[in-house]
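Written out below as structure tokens is the structure these notes cover.
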Amino acid sequence: MTHPSVVGIDLGTTFSLAAYVENGRPVVVRDVKGVALIPSAISFHDDGTVLVGTAARDRALSDPEHTIFSVKRLMGRTLKDLERELKLIPHQIVEREMEGGRKVLRVDIAGHEHTPEELSALILAEVRKRAGNPTKAVITVPAYFDDSQRQATRDAGRIAGLDVLRIVNEPTAAALAYGLDRRGSGTIVVYDLGGGTFDCSILSLSEGVFKVLSTKGDTFLGGDDFDRAIMGVVVKEMGVDLDGAARDPELLQHLRDAAERCKIALSSAESADLVVDLSKSLRERPALLPRYQRTFTRTEFEALIGPYIDRSIDQCRSALRDAGLTIAGVDEVVLVGGSTRIPYVRQRVTEFFKKTPHTDLNPDEVVALGAAVQADILTSGRRDLLLLDVVPLSLGLETLGGVVDKVIHRNTTVPCRATTRYTTAADNQTAILINIYQGERELTRDCRFLGTFKLSGIPPMPAQFAQVDVTFLVDQNGLLTVSATEHRSGAQARVTVQPAHGLTGDEVEALVAESIDNARADFTARRLIELRNKAETDLRHTEKALALAGDRLEARQKEAIAAATVELRSATAGTDLPTLQRAIDVFSEVTNPLAHLVMNEVLRKTLGGTAADALGEKM
Ligand code: ADP
Ligand code: MG
């Protein structure tokens, strides 16, 4: 085999692999036996050796405590994010606080702590080794991966000694592998059912340019569920007590392997036998049958997995809705992920989209093939293709009273840049703290905090005078940089957001769903905060104005202002929007003459008397 210097890598939850372009065609990297898929498993020996891939997976059977799977689920997350994942990963996961309050996740495997980035790097290093040690790579991630998850993936690549040219979305890579860019334009659905996760992404292609229109998924739906469904039947029939089995990882692993083998066999046969042979280890498990055997038919299997496939189709429906499309608007369907080899899955997808999906390429290799194509485009200087993806969740910053002002909206194509102008809230304010948030809701408390930075060096000025432009930039890899410039002084500050946490697809779902459910409540809360802020500002300015020019008001005007002030204060303390709005309107009306007086006062001072006095006479 040739030794490519640049590869595309599919760093999967269950399997990883590499591909490269040879003579203009992408090919996957295979070992001497012709196997391309490397199980994303790692096992640590007490003597310090580390096994990755098949060897590690085989060892899991006899030594589950030293073996870890599904590291991808931990990438870019905090402990708080991982409630559901923790049940899947039989290792202690701790969070260490680093300087600056940044949190780092660590997995304790037999007394040694490893970060998810390091663990993924071990997998990447194995993939790299098999490809003949290339130095550059494009690595794929699910379209819903957020900033910190992408960053963690990039870091893992770096730890594995790779120059990561680009982080590319898996569905985009799949479409590239099928050469769908040559269609010129159209709408492509990518249905990706892997080992532990499901994604449906809708891509649009126009003039050879890809764009992710929407992406929906379930990070707890995949082939593992089908294995567990089969296991459920077996466990019941064998009379295994599941609570007891939970303390018997070896037995569980054994059952899981048998179930997976049976499932895979059912993809090419109408029925398959499942055999569990415990005769060798029976002494420790006296309550169990030594040997269990049973035949599963396809019909039986399809009934078991039907509810999971229903769920995936529901996600497709909602991805279409998000993209503003109907089934009739879909031109191509691409199947990705090992679980789409299941005939029933193909049948259901075909029925739903009323279209025969692309299945010519191996569904578990297609993402790596596309990544190789992308890597080739990047290194060969071919610029006929530009890949575009989207920001999965809105990005914004905190303004007065805990309101999030969205700067970049969800599903905006990357790379993208947006600038909003802000000003200072207080007189002589010389610094602004910029807090960055991610999410669909209106208030900071319902969004995810991404990072913060301070713009200082603003010269003392009256409130509202400073002109601060805050720019959000999301690059091709989906990484966010926020910068701020104050125009009058030229003061500048910037931060590349490197949040120490991520979101699960479920959470993204939940955030979006929540934001729809709560849109009305959010709107009211936001409006209330805005009106209160306005009232506070009006009251403060009026107080200042009264000190400056109050003595020139008529007694009647002064009384009206005093009364309106009391009204406004009490309305601000309440939560009734119309009352507050009315109080603000009244206040503004009665303070109008005062505003004019102040204006004249200022003019008189600056212009030197006469002209302003003349203006004053007109009032
Ligand atoms: P990842 O989640 O890492 O992207 P893959 O796309 O490689 O993983 O999918 C792995 C899943 O595909 C596993 O659950 C595996 O059991 C399943 N799988 C692989 N081949 C078959 C097959 N022939 N029939 C059914 N399931 C399969
Ligand atoms: Mg995959």
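When a ligand or atom number is given, it counts from 1 through the structure's own listing order.
- The side-chain contact (heavy atoms from CB on, under 4.5 Å) test with Val127 is passed by exactly one of Ile9, Val7, Asp10: Ile9.
- The side-chain contact (heavy atoms from CB on, under 4.5 Å) test with Lys263 singles out one residue from Leu274, Leu304, Ile305, Ile230, and that residue is Ile230.
- No donor-acceptor distance shorter than 3.5 angstrom exists from the side chain of Tyr144 to the backbone of Asp199, with no hydrogens or angles considered.
- Judged by a 6.0 Å distance limit and a 45° cone about the ring axis, Arg294 is positioned over the six-membered ring of Phe296.
- By the 30° and 60° cut-offs, the orientation of the rings of Phe226 relative to Phe301 is perpendicular.
- Relative to the six-membered ring of Phe220, Arg84 meets both conditions, a distance below 6.0 Å and an angle of at most 45° to the axis.
- The protein residues lying under 4.0 angstrom from ligand 1, judged by non-hydrogen atoms, are Gly12, Thr13, Thr14, Phe15, Gly194, Gly195, Gly223, Glu260, Lys263, Ile264, Ser267, Gly337, Gly338, Ser339, Arg341, Ile342, Asp364.
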